[in-house]
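First comes the structure, then the notes that go with it.
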Amino acid sequence: MKPFIDLQAQYRNIKEEILICINDILESSHYILGKNVKSFEEEIKSYLSVADAIGVASGTDALHLALRAFNIGKGDEVITTPFTFFATVEAILYVGAKPVFVDIDEKTFNIDSSKIEDKITPHTKAIIPVHIFGYPADMIKINQIAKNYGLKIIEDAAQAFGARIGNKKAGSFGDIGCFSFYPSKNLGCFGDGGMVVTNDLEIAQKIRVLRNHGSPGRYIHETVGLNSRLDEIQAGVLRIKLKHLDEYNEQRRKKAELYTKYLSNIVITPEEQNNFYHVYHIYSILSQYRETIKETLLRHDIPSVVYYPIPLHLQKALSFLGYKEGDFPVAEEISKDILSLPIYPELPDEEVYEISQIILRCLQDS
Ligand SMILES: *Cc1c(COP(=O)(O)O)cnc(C)c1O
């Protein structure tokens with residue numbers, strides 16, 4: 001079976017640098033909140049043009065800490081999309097707030113900004129747009145709505161490191177931006193890791209304290225926080241990969257462009273609005289023959305994945321929210337037809353061609 005994402009290929013290209021870096025950290029025996037985390041936070045600040053960046057233990061924790069920093073909790077509502085990874089909603093539930101879903105746009109798969117205002121109540125405190133698959137949500141419109149209603153914006157940019165609208169990067173539009181460095185993400189480490197970014201220095205300080213047991217200094221505790229720190233080894237690895245990130249994203253875009261060229265006549269392929277820079281964490285197509293395509297690819301040892309087969313409002317774990325089938329027809333329809341094809345920076349162009357040919361032949365036969 002071919003890999004869906006070949007993490008080995010990326011490792012092989014930077015192996016020496018990585019091993020030296022990890023060895024240095026092992027020799028220093030400084031594993032938590034040392035110079036690599038500090039330098040990585042500085043590098044992220046400059047890469048994203050934000051005032052502060054705080055390394056945390058995961059993308060899920062980044063979202064959780066962001067909500068905590070705004071004192072969002074019981075009795076509060078947070079608007080988000082039903083078409084995202086489960087963690088977006090878990091974070092809202094961790095603080096005791098209520099997730100309120102808004103259907104998605106059928107072209108971008110992101111929250112439909114024209115439907116947000118209908119869901120705002122006196123209890124609404126924040127909006128969490130997710131830049132799904134690496135494509136920026138409609139941040140100009142969403143920022144405007146947040147401003148009009150006095151809401152906070154926490155961007156879930158876990159899939160969108162390096163994505164942008166014009167020159168402004170995903171994660172830098174809202175009050176807080178949250179990132180994940182889970183190994184398969186566009187910027188991935190060798191375990192779990194995450195980052196919170198913001199232009200509000202007071203909020204940044206609050207998150208810095210919250211990520212370290214609510215402690216602004218040794219054995220002083222201002223509040224009950226979390227143990228959620230990015231560790232030195234992950235930060236060291238990420239510093240090396242950050243130097244290559246733009247090139248990795250460019251490569252992903254090249255693969256996406258090829259898929260689209262081969263397939264756009266026979267399935268629905270992703271569209272890019274003017275000025276939007278997609279980083280293709282995921283490349284997905286829409287077809288009513290999804291299952292046939294998936295099975296045919298499998299017979300050729302090519303994996304494909306359905307992101308996401310069940311929108312969150314229909315997940316068993318969230319049944320207590322009281323949603324039912326038909327509540328978000330676009331998300332439900334997309335979930336039935338969507339299929340994601342292998343994409344990673346080192347994916348050979350010939351494989352994109354082969355995969356596309358298999359899909360074309362399979363659809364011409366059916
Ligand atoms: C990966 C992901 C997360 C969670 O990140 P972790 O680092 O795995 O905790 C949150 N939201 C989205 C959209 C993701 O893709």
Side-chain angles (χ1 to χ4, degrees), residues 4-5 7 40 44 53-68 78-95 99 101-102 104 108-111 126-137 139 142 153-163 170-171 173-174 176-197 207 211 226-231 233-235 237-238 241 249 252 278-284 305-313 315 317-318 331 334-335 338 340 343-344:
F4 187 68
I5 303 171
L7 293 176
F40 182 52
I44 292 287
I54 306 103
V56 298
S58 70
T60 309
D61 279 4
L63 292 161
H64 182 186
L65 287 163
L67 290 157
R68 281 281 309 267
V78 178
I79 289 176
T80 192
T81 161
F83 194 71
T84 175
F85 180 59
F86 193 58
T88 314
V89 167
E90 272 178 313
I92 298 169
L93 294 168
Y94 289 160
V95 299
F101 294 121
V102 167
I104 58 171
T108 66
F109 315 139
N110 279 321
I111 191 166
I127 306 172
I128 305 186
V130 181
H131 307 300
I132 204 74
F133 302 160
Y135 192 75
M139 291 314 299
I142 295 170
I153 292 189
I154 298 169
E155 293 174 71
D156 182 341
Q159 303 186 357
F161 212 108
F173 286 92
I176 293 182
C178 298
F179 292 93
S180 163
F181 304 124
Y182 183 81
S184 64
K185 299 285 156 86
N186 288 37
L187 179 60
C189 60
F190 295 160
D192 278 306
M195 184 72 68
V196 180
V197 304
I207 289 169
R211 78 165 165 186
L226 272 76
N227 172 355
S228 183
R229 300 161 303 214
L230 183 66
D231 72 67
I233 292 182
Q234 302 308 340
V237 167
L238 288 162
K241 289 200 181 186
N249 281 339
R252 283 176 181 273
H278 197 323
V279 291
Y280 293 99
H281 171 59
I282 302 288
Y283 181 89
S284 43
V305 180
V306 175
Y307 297 103
Y308 296 96
I310 305 174
L312 296 190
H313 67 287
Q315 292 283 357
L318 301 178
I334 299 288
S335 294
I338 202 156
S340 302
I343 192 161
Y344 51 91

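Note that the structure is a prediction, hence the values are computed from the model and not measured. Start at 1 and go down the list; that is how both ligands and their atoms are numbered.
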Pairs under 3.5 Å, nitrogen or oxygen of ligand 1 with protein nitrogen or oxygen:
from     : atom 1 : to     : atom 2 : distance (Å)
ligand 1 : 5 (O)  : Ser180 : OG     : 3.2
ligand 1 : 7 (O)  : Gly59  : N      : 2.8
ligand 1 : 7 (O)  : Ser180 : OG     : 2.6
ligand 1 : 9 (O)  : Gly59  : N      : 3.4
ligand 1 : 9 (O)  : Thr60  : N      : 2.9
ligand 1 : 9 (O)  : Thr60  : OG1    : 2.5
ligand 1 : 11 (N) : Asp156 : OD1    : 3.3
ligand 1 : 11 (N) : Asp156 : OD2    : 2.7
ligand 1 : 15 (O) : Gln159 : NE2    : 2.9
ligand 1 : 15 (O) : Lys185 : NZ     : 3.1

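With sequence neighbours excluded, the residues forming a side-chain hydrogen bond (donor to acceptor under 3.5 Å, both in side chains) with Gln159 are Tyr308, listed by chain and number. Annotation: side-chain hydrogen bond (donor to acceptor under 3.5 Å, both in side chains) contacts of His281 (sequence neighbours excluded): Asn186. With sequence neighbours excluded, the residues satisfying side-chain hydrogen bond (donor to acceptor under 3.5 Å, both in side chains) with Thr108 are Asp105.
Centroid-to-centroid, the aromatic rings of Tyr182 and Phe85 stay 6.0 Å apart or farther.
Ring geometry for Phe133 against Phe83 counts as perpendicular: the plane angle is over 60°, on a 0 to 90° scale with 30° as the lower cut.
In this structure a side-chain-to-backbone donor-acceptor pair under 3.5 Å is present from Gln315 to Ile310.
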